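Just so you know, these numbers come straight off a predicted model, no measurement behind them.
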Amino acid sequence: MASSKLQNNPYLSHLPPHQKGASRSNPSAKDPLYGFIPRRVKGNQARKVMERDLNPFTKQPYSGRYKALLNSRKELPVFGRMDEFFKIFNENQIMIVVGETGAGKSTQIPQFVAFSDLPHTRRKMVACVQPRRLAAMSLATRVADEMDVHLGEHVGYSIRFEEMIDPDTTFLKYMTGGMLLREAQNDPTLERYSTIILDEVHERSLDTDILMGILKGIAKKRKDLKIIVMSATMNVTKFRKYFNLRSDEQVSLLKVPGRTHPVEVFYTQEPEPDYLEAAIRTTMMIHRSEAPGDILLFLTGEQEIEDACRKIKLEVKDAIKQHPGSVGPIVCIPLYSSLSPQKQQSIFDSPPVAIKGGPSGRKVVVATNIAETSITIDGIVYVVDPGVSKQKVYNPQIRVESLVVSSISKASAQQRAGRAGRLRPGKCFRLYTEREFHREMEEYDHPEILRSNLSTTVLTLLKIGIKDLVTFDFVDPPAPELLLRALKLLNYLAAVDDDGNLTPLGAMMAEFPVEPQLAKLLIVSPKFRCSNEILTITAMMSGRLTSNDSATTSLLISSAPNIWICPPGARQRQGADAAKKHLAVHDGDHLTLLEVYNQYYLNLHDKNWAWNNYLSAQSLKEAEMIRKQLKGVMERFYIELNSLSDEKKLFTNVRQALVCGFLMQIAHKEKDGNYLTLKDNQVVALHPSCDLITQPEWVVYNEFVLSSRPYIRTVSEVKAEWLIEFGGKYFDLVSFPDGETKSALQRAWNKRMGTTESASDRTSKPSKRKDKGPSGGIQKKKANRRR
DNA sequence: GAGCACTGC
């Protein structure tokens, strides 16, 4: 019986012949995995091999370091659950692993899978998907070490700009979700993987949410693909229900206890009117009266953090001056994403030493949400949590998203508190009342997919072959209107035909790792003989330099870190302004981006060039890498890279190409001096950072920013004729409401037709467009009043 | 004459 069962095991055909049956000479001496049958391996078998002297994957003796690492691995809670894991993994196609930080799931589970799946014997790979690059890199490095193999040979990682794998030998690959999505575009069933592990799904990042939907679909078609979903302890019921492929069985769950210490939570008695003041006061209170241990204070943004650091330092200085020896010395370290990696490193510095027998020194890290998930600081014993963070908020009245300081969720508060218990028992001071926590804070953050512009997502799903997006099985389905809005944009860009099918152009656009508008821009650019320049501008717009989510809908945009570094202080500011003036091109901000990059590239030899010109070296380096990557995709599709030698003509052509990519981001200057966006009639002004010396009648813009008032930023002049020539049906007058903009377009049409006939007379239907929106008129009145 | 939570390809 047993042997016939073995012969029917589909995986055995992949094995070398000697593994199919018993042998009299003892082959296990040479192959520690002798007798292992894929997906039937038990915990005790794996443990035995781990204890031996011969590495089963390299067939080399283990190094001395291996055993030491193995001993520390044995302390991890996950390690003790190995038998249970193997049992569930072997018997199920999909399983869920739940465990708090410190349980060891991200490092150990993939290794267990490698032992049961034996991907290296069947030319398959195990993937472990992370939400962030840094996590993928550092986990791969750690696990390669634990398995005593070379990083990039048997265990590797795959992130944007860096593929640390050997396609012939790597069988365990850590990667970002974005990379797996990109692979799925050309391999919709992800054939090369035997098991895919999705880590940190509780974070509900856009990529993991989409991957969950895709993988659930693949699992129905590919019964040999195993899926492991890993999450911190929250909301697991939702995932268990979601991954039930058959209604009669529950998805199996492995629960692993965490290895964190208890954290005592304190609330304020009354709500705090000023959280910043309360945060500083609480930090000082801890410093004065609590036992040694570092403090982590959560605030919302760069300015607030720098401000708080200054104030805390000052208070400690005053306290020491007034009563020497009353408090110990303090270092206050700011932490947010736009800091250079070197500056971010200083959070790992030791706290300052006590002054001759005085109270001990303390380190205070003042951080954004980056310290909630992305960066872990050891040694934190006290957490100060004001209960707020900056979040993208959708304002349906004016159809714009902006960043607003808002209340965090309970899950987020729990995560923050947990940061105090990594070293030893800790304390968390919440600057809100217990009542507020229970009654007013949301259970979880809204998943990113419900708050995002979906044009890129929809294009990706179409490329993977998912046609019916409205019925696609999302964990949390986005509103159908958002999907339709994304489809409409893709239709305008000709990526999708009128029936919602992906066009060949759309398939090509999906290959570019940029937003659809930018992909379109790159593809059309050779026609305008300026693809080298558009390539540079696209790279500059696609990085963190300027945000370009504005997309579809013009419903977006918040803020973005600027390419220009603006240091505090009046004299510094003058220097920055002068530097900018020096590089600015008055034909348009897009051309300024081109000029900045070209000058950067010419001065690569000068390490101080960026700094001397008040530019972010980090951002420029990123643009350089993006440019290289995009150039590679263009070459792959034989998209010509060309330029015109006549600069004036070149600049004109660049702006014409921009119209093709950003049809929906055009604005017209009205008689009152304000600009009106064509898409949805928002009254806007040119942002003060804009370098245009005149106020042209027509402009193309990259961002819609809502700050003290609605602004458009990164703006270039365009001509009405271009809109008609390159905009096609998008600028069909029938769809425009009556007004100055329509009349101006009408004049351009007439000029083109060489007639005075009204363009809209040529069509039978009267104008039906009424989607001016309730806010259009209101906005306009406000703007008029201001004038 | 203004202002930047966090990720990812």
Please report, rounded to the nearest Å, how far the [atom2] atom of [N] is from the [atom1] atom of [X].
X	N	atom1	atom2	value
L339(A)	dC4(B)	CG	P	17 Å
N186(A)	dC9(B)	CG	C1'	13 Å
I214(A)	dC9(B)	CD1	P	15 Å
R416(A)	dC6(B)	CZ	P	12 Å
R451(A)	dT7(B)	CZ	P	14 Å
L522(A)	dC9(B)	CG	C1'	14 Å
N453(A)	dG8(B)	CG	P	19 Å
K631(A)	dC9(B)	NZ	P	22 Å

- Earlier contact from the 5' end, DNA chain B, for F512(A) and L335(A): L335(A)
Side-chain N,O ([X]) to OP1/OP2 ([N]) below 4.0 Å:
X	N	answer
Y336(A)	dC6(B)	no
T460(A)	dC9(B)	no
T176(A)	dG8(B)	no

Closest to the [X] side chain: [options]?
X	options	result
Y711(A)	dT7(B), dA5(B), dG3(B)	dG3(B)
R132(A)	dC4(B), dC9(B), dT7(B)	dT7(B)
R133(A)	dG8(B), dC4(B), dA2(B)	dG8(B)
S337(A)	dA2(B), dC6(B), dA5(B)	dC6(B)
P513(A)	dG8(B), dC9(B), dA2(B)	dC9(B)

- Message: Quick check on side chain to side chain donor-acceptor pair (under 3.5 Å): which of R419(A), Q415(A), R416(A) does E372(A) satisfy it with?
- Response: R416(A)
- Query: Counting heavy atoms not belonging to Q695(A), are there more than 12 under 6.0 Å from its CD?
  - Reply: yes
- Message: Surrounding CD of Q303(A) (heavy atoms of other residues, nucleotides or ligands, distance under 6.0 Å), is the total greater than 12?
- Response: no
Base, sugar-phosphate alone, or nothing: which one does [X] contact when heavy atoms must sit under 4.0 Å apart?
X	value
T368(A)	sugar-phosphate
Q391(A)	nothing
V514(A)	base
G177(A)	nothing

- Task: Could you pull out all residues at least two apart from E304(A) that satisfy side-chain hydrogen bond (donor to acceptor under 3.5 Å, both in side chains)?
- Result: Y275(A), T300(A)
- Query: Mind checking what makes side-chain hydrogen bond (donor to acceptor under 3.5 Å, both in side chains) contact with K410(A), not counting sequence neighbours?
  - Reply: E443(A)
- Item | Ring-face cation of R713(A) near Y701(A) (centre distance under 6.0 Å, axis angle within 45°) | no
